[in-house]
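Only this structure's heavy atoms are used, side chains among them; waters, hydrogens and symmetry mates stay out.
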Amino acid sequence: MERARAGDRTRVGEEVTVDVADPGPGRAFAAAMGTVDKHREDHLVADLPVPASGVDEAYDVVTWRGRCPDEHRAAYLAMRNRMNADVPTGALDLEPEVLDDERLASSEERLMRAYDVRVAAARRRSDGAFGGYSLLFVPHGTDYGWQDDTLVMPEHRGRRLGAALKSANYADLPDGVRSVHTWTAPTNTAMHRTNTALGFRVVEHMYEVEARIA
């Protein structure tokens with residue numbers, strides 16, 4: 001708290017994760033410390049392989065690992081920034097992160113040191129427009145993956161592209177990767193339906209909480 005006060009901060013944020021089957025005392029302890037719930041996400045896990053989900057015939061799936069190829073970077077940046085603006089954050093008072101090419105490159109370099117970074121994107125055949133992407137991290141030396149962003153741009157929705165992109169990423173994983181974890185806000189009903197169809201199950205609830213600094 002002293003460091004936060006010294007930096008002229010007025011709030012401090014934390015995450016509290018509770019097991020679905022045995023919630024435990026974590027939330028009660030956080031509340032006793034003066035925190036207030038601001039956002040919730042469900043932690044889901046799927047065992048691999050998941051049911052295959054083919055891509056709409058109007059699209060091709062483009063994949064890459066690590067750094068986004070130069071020819072796709074402008075479209076990828078536009079989608080990443082749309083994701084940052086649209087992602088549910090509940091009552092959290094946050095400013096969406098805005099990526100430019102320099103910040104994207106720095107993030108990619110940092111992440112590649114710890115993860116096998118995999119991206120699947122949907123590109124419309126008729127005009128080459130990108131309709132969505134799915135970003136997956138596999139920590140080096142582990143048997144699981146972490147599903148990060150999945151976005152379908154508004155004008156491309158209703159074609160099950162989200163499921164197709166996730167499925168494409170998972171189908172290309174090494175045999176030793178046995179499960180995938182993801183976090184989804186319960187208000188994001190479309191993504192919850194997609195996750196359920198792929199075999200994800202809720203195992204924990206993650207609460208983002210805040211406390212005022214006196």
Side-chain angles (χ1 to χ4, degrees), residues 3-4 7-17 30 35-44 62 64 66-70 72-115 117-124 129-137 145-159 161-163 165-166 169 180-195 200 204-213:
R3 291 180 61 187
D8 293 326
R9 299 296 191 263
T10 60
R11 293 169 295 155
V12 60
E14 300 176 355
E15 293 181 357
V16 180
T17 298
T35 68
V36 176
D37 290 353
K38 293 290 185 175
H39 181 54
R40 181 188 127 191
E41 293 193 357
D42 293 335
H43 172 197
L44 303 96
V62 179
W64 64 84
R67 186 183 187 277
C68 175
D70 289 343
H72 304 324
R73 288 184 81 78
Y76 188 45
L77 275 167
M79 292 190 292
R80 289 287 300 269
N81 283 323
R82 181 63 188 248
M83 178 72 188
N84 290 341
D86 287 358
V87 64
T89 56
L92 291 168
D93 184 13
L94 302 174
E95 293 184 6
E97 180 183 18
V98 178
L99 290 173
D100 56 20
D101 190 77
E102 182 178 358
R103 295 186 73 177
L104 175 61
S106 176
S107 173
E108 288 172 328
E109 291 172 6
R110 182 178 68 255
L111 288 167
M112 285 188 292
R113 290 195 288 268
Y115 306 103
V117 180
R118 295 168 175 257
V119 180
R123 183 170 57 186
R124 192 162 53 197
F130 277 81
Y133 76 97
S134 188
L135 174 61
L136 176 69
F137 303 135
W146 288 347
Q147 174 67 60
D148 199 60
D149 300 349
T150 298
L151 170 78
V152 178
M153 299 292 273
E155 62 271 26
H156 300 266
R157 290 173 185 168
R159 297 173 177 267
L161 292 181
L165 294 174
K166 287 188 173 190
N169 261 339
V180 177
H181 298 250
T182 193
W183 286 260
T184 304
T187 55
N188 191 348
T189 54
M191 188 53 64
H192 260 293
R193 285 196 298 269
T194 295
N195 288 334
F200 280 91
E204 293 178 322
H205 301 307
M206 186 274 288
Y207 296 87
E208 294 186 74
V209 302
E210 285 184 357
R212 289 281 178 181
I213 298 175

Under a 3.5 Å distance rule, please check whether His43 uses its side chain to pair with a backbone N or O of Glu204 as donor and acceptor. no
Quick one: are Met206 and Thr17 in side-chain contact, heavy atoms under 4.5 Å? yes
Please tell me if the side chains of Glu108 and Val117 come closer than 4.5 Å, counting only heavy atoms from C-beta onward. no
For the residue pair Thr184 and Phe200, establish whether any side-chain heavy-atom pair is separated by less than 4.5 Å. no
Evaluate Asp101 against Leu77 for side-chain contact (heavy atoms from CB on, under 4.5 Å), listing each step before the verdict. CA-CA 7 Å; Asp101 190 77; Leu77 275 167; 4.3 Å; yes
Could you tell me if the side chain of Met153 sits less than 4.5 Å from the side chain of Leu161, heavy atoms only? no
Side-chain touch Leu135/Tyr76, heavy atoms, less than 4.5 angstrom: yes
According to the interplanar angle, ranging from 0 to 90°, do the rings of Tyr207 and His205 count as parallel (below 30°), tilted (30 to 60°) or perpendicular (above 60°)? perpendicular
Rounded distance (nearest 0.5 Å) linking atom CH2 of Trp64 with atom CZ of Arg118: 14.0 Å
Quick one: closest heavy-atom pair of Ala30 and Val16, and the distance? CB-CG2, 3.8 Å
Can you confirm whether Arg73 sits close enough to Arg67 that some side-chain heavy atom of one is under 4.5 Å from a side-chain heavy atom of the other? yes
For Glu15, check salt bridge (charged side-chain N to carboxylate O under 4.0 Å, His left out) against everything at least two apart and list the hits. none
Spacing of Leu104 atom CG and Glu109 atom CD [to the nearest 0.5 Å]: 10.0 Å
To the nearest 0.5 Å, tell me how far Asp148 CG sits from Leu111 CG. 8.5 Å
Can you tell me how far apart OG (Ser107) and CZ (Arg110) are? Round to the nearest 0.5 Å. 4.5 Å
Quick one: sort the Tyr115 and Trp146 rings into parallel, tilted or perpendicular, breaks at 30° and 60°. tilted
Is there a side-chain contact between His72 and Val119 in this structure, where contact means two heavy atoms from C-beta onward sitting under 4.5 Å apart? no
Looking only at heavy atoms, which two atoms of Val152 and Gly162 are closest? And how far apart? CG2-N, 3.6 Å
Going by ring-ring contact (aromatic ring centres under 6.0 Å, His included), name the pairs with one or both residues in residues 77-114, residues two or more places apart or in two chains. none
Would you name the heavy atoms of Gly66 and Met112 that are closest together and state the gap between them? CA-SD, 3.3 Å
Calculate, to the nearest 0.5 Å, the distance between atoms NE2 and CG belonging to His192 and Leu44 respectively. 5.5 Å
Thr187: which residues meet the side chain to side chain contact (heavy atoms under 4.5 Å, CB included) condition with it, sequence neighbours left out? Pro88, Ala185
From Glu41 atom CD to Asn188 atom CG, the distance as rounded to the nearest 0.5 Å: 9.0 Å
Can you give me the closest heavy-atom contact between Leu99 and Asn81, atom names plus distance? N-OD1, 2.7 Å
Could you pull out the closest heavy-atom pair between Asp100 and Arg103, with the gap in Å? OD1-N, 2.8 Å
So for atom CD, which belongs to Glu155, do other residues, nucleotides or ligands contribute more than 12 heavy atoms lying within a distance under 6.0 Å? yes
May I have the step-by-step check of side-chain contact (heavy atoms from CB on, under 4.5 Å) for Lys166 and Val180, ending in yes or no? CA-CA 10 Å; Lys166 287 188 173 190; Val180 177; over 6 Å; no
What closest approach, in Å, do Tyr133 and Arg80 show between heavy atoms, and which atom pair accounts for it? OH-CD, 3.1 Å
